[in-house]
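Heads up, the thing below is written out as structure tokens.
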Amino acid sequence: MTKRQNNLETSVIHDGYDSADLLGSLAPPLFQTSTFTFETAEQGERRFAGEEDGYMYSRLGNPTVTVLEEKMAALEKGERGLAFASGMAAVSAILVALTKANDHILCSSGLYGCTFGLLSMMNEKYNISSDFSTMETRDDLRALIRPETACIYVETPINPTMKLIDLEMVAEVACEKGIPVVVDNTFASPYLQRPLELGCDVVLHSATKYIGGHGDVIAGVAVGRKDFLDQVQMTVQKDMGGVMSPFDAWLLIRGLKTLPIRVDRHCDNAEKIDGKLRNHPSVSRVLYPDDAQHPDYHIREKQMKRGGGLISFEIKGTKKEAQQLLNNLNFIKIAVSLGDAETLIQHPATMTHAVVPAASRAEMGITDQLIRLSVGLEAWEDIWEDLEQALDQLK
Ligand SMILES: *Cc1c(COP(=O)(O)O)cnc(C)c1O
């Protein structure tokens with residue numbers, strides 16, 4: 001195994017793989033194999049007994065996937081990474097691992113739509129209840145923690161309202177009570193925010209987004225303590241089976257090399273678009289965490305390097321006009337997902353958050369006029385030109 005590098009820009013390129021181990025191949029090879037052969041029956045016995053290191057079957061581990069897991073652990077400053085078939089496979093495996101029937105989960109108010117759906121299913125099937133909190137103060141949290149609270153589950157920035165939660169504060173309250181904190185760090189990426197360094201216990205990513213960065217993979221990763229993730233791997237993941245394919249790991253290893261460069265450019269562009277949107281007469285509200293007018297700007301300064309590539313905004317008008325704005329665009333693509341080279345735009349109330357009941361949507365602040373923009377890597381002037389002409393048509 002390679003020595004861990006200190007600087008993240010070097011880590012993403014070098015950690016987890018040494019070309020000297022594999023015939024000098026500069027790029028980590030793609031081990032596209034389902035199974036691994038044993039030299040003898042006794043070796044097979046030792047491997048399955050855990051007495052000898054080595055691969056057995058790709059659902060239990062694969063060398064290309066291991067490289068990705070080691071890079072992600074280095075980036076998030078965790079002991080180990082565990083890769084999954086999708087972001088939701090990671091979210092569900094961690095929540096299943098941490099809970100049993102009749103437990104309780106305390107969540108940030110505002111969650112990825114499918115995570116909300118998963119919690120509803122866990123409630124119906126296993127009576128695992130959830131409470132939602134804005135987590136603005138320590139007392140907000142203390143008031144909702146119960147003896148059966150199995151974990152605190154946080155998204156920040158929150159999708160799609162871009163509210164922020166002070167992770168250090170949440171981790172301190174959770175620590176008083178001995179409850180693990182799980183953070184979905186998809187929106188920030190480890191380049192901008194590292195929850196484990198702030199005292200949280202498990203970090204999750206939809207690697208589909210900034211980690212891959214090129215819109216060609218569905219994947220997920222968890223990072224945290226080795227004993228915990230070893231156990232998740234050998235119980236929930238092994239038996240439920242949501243593993244990452246070696247080819248997807250290979251694409252993610254390639255995408256990761258440019259993560260710091262890409263994310264900086266996403267942020268540069270988003271800052272420019274934020275400023276322009278704020279001054280457009282058809283826009284009533286802009287939600288971008290790196291703007292001094294954002295209510296949680298102080299939290300951004302405390303825990304995030306920059307504001308990220310996502311902006312949500314509300315237009316003056318109705319749902320129909322919000323949809324019209326999307327239809328007016330030329331090169332900006334109407335699509336869910338985020339963190340790709342292409343600028344993507346979507347309407348949360350009818351797309352990513354359509355599964356969330358209207359009352360909960362209203363509580364989360366997801367109005368019919370709200371639009372989410374994933375600012376891409378194009379020239380910001382071109383992105384603005386397209387948005388401006390689409391907005392101008394609404395007047
Ligand atoms: C996309 C996303 C997920 C789910 O990830 P998939 O890779 O689509 O399964 C979870 N959380 C957040 C914040 C996301 O944006």
Side-chain angles (χ1 to χ4, degrees), residues 65 68 72 76 81-96 105 107-122 130 132 151 153-165 167 182-193 195 200 202-223 237 240-245 247-249 251-252 255-256 263 266 287 289 304 308-312 335-340 342 344-348 351-356 364 366 370 372-376:
V65 177
L68 190 258
M72 286 302 299
E76 288 286 5
L82 182 59
F84 291 89
S86 68
M88 285 317 301
V91 173
S92 57
I94 296 302
L95 288 179
V96 166
I105 304 174
C107 304
S108 52
S109 55
L111 284 181
Y112 184 72
C114 298
T115 303
F116 189 87
L118 172 72
L119 291 170
S120 309
M121 181 173 74
M122 288 171 81
S130 319
F132 296 88
C151 69
Y153 186 94
V154 183
E155 249 182 61
T156 180
I158 293 176
N159 177 35
T161 53
M162 307 309 290
K163 288 185 188 138
L164 305 185
I165 288 173
L167 291 175
V182 181
V183 180
D184 182 334
N185 202 26
T186 301
F187 270 39
S189 90
Y191 180 61
L192 300 179
Q193 172 176 281
C200 301
V202 183
V203 174
L204 300 175
H205 281 281
S206 167
T208 310
K209 317 293 169 54
Y210 289 104
I211 302 300
H214 293 74
D216 48 15
V217 191
I218 296 280
V221 180
V223 181
Q237 191 186 50
M240 292 177 76
V243 293
M244 182 183 285
S245 88
F247 182 56
D248 288 347
L251 286 170
L252 293 168
L256 262 187
V263 173
H266 284 295
L287 306 165
M304 292 176 77
L310 282 139
I311 301 178
S312 290
V336 299
S337 202
L338 53 110
D340 293 331
E342 294 81 1
L344 304 178
I345 199 162
Q346 66 114 353
H347 184 240
M351 294 180 186
T352 49
H353 289 70
V355 295
V356 179
M364 292 180 188
I366 304 169
L370 187 76
R372 189 189 78 188
L373 184 71
S374 169
V375 180

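All ligand and atom numbering here is 1-based and tracks the order in the structure. Position 1 is the first residue of the sequence, and the numbers go up from there.
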message: I'd like to check the ring pair (Phe, Tyr, Trp, His ring centres under 6.0 Å) partners of His205; sequence neighbours left out, ordered by chain and number.
response: none
message: For Leu344, is there any backbone N or O sitting under 3.5 Å from a side-chain donor or acceptor partner on Ser374?
response: no
field: Expected output: side-chain Asp248 to main-chain Ala219 donor-acceptor under 3.5 Å
entry: no
May I have the N/O to N/O pairs between ligand 1 and the protein that fall below 3.5 Å, each with atom names and distance to one decimal?
residue  : atom   : partner : partner atom : Å
ligand 1 : 5 (O)  : Ser206  : OG           : 2.9
ligand 1 : 7 (O)  : Gly87   : N            : 2.9
ligand 1 : 7 (O)  : Ser206  : OG           : 2.8
ligand 1 : 7 (O)  : Thr208  : OG1          : 2.7
ligand 1 : 9 (O)  : Gly87   : N            : 3.0
ligand 1 : 9 (O)  : Met88   : N            : 2.8
ligand 1 : 11 (N) : Asp184  : OD2          : 2.6
ligand 1 : 15 (O) : Lys209  : NZ           : 2.8

- request: List in chain and number order the residues that pass side-chain hydrogen bond (donor to acceptor under 3.5 Å, both in side chains) with Thr115, two or more places apart in sequence or in another chain; answer none if no residue qualifies.
  value: none
His353: side-chain hydrogen bond (donor to acceptor under 3.5 Å, both in side chains) partners, not counting sequence neighbours: none
statement: In Val203, Asp184, Val202, the residue satisfying side chain to side chain contact (heavy atoms under 4.5 Å, CB included) with Ile94 is Val202
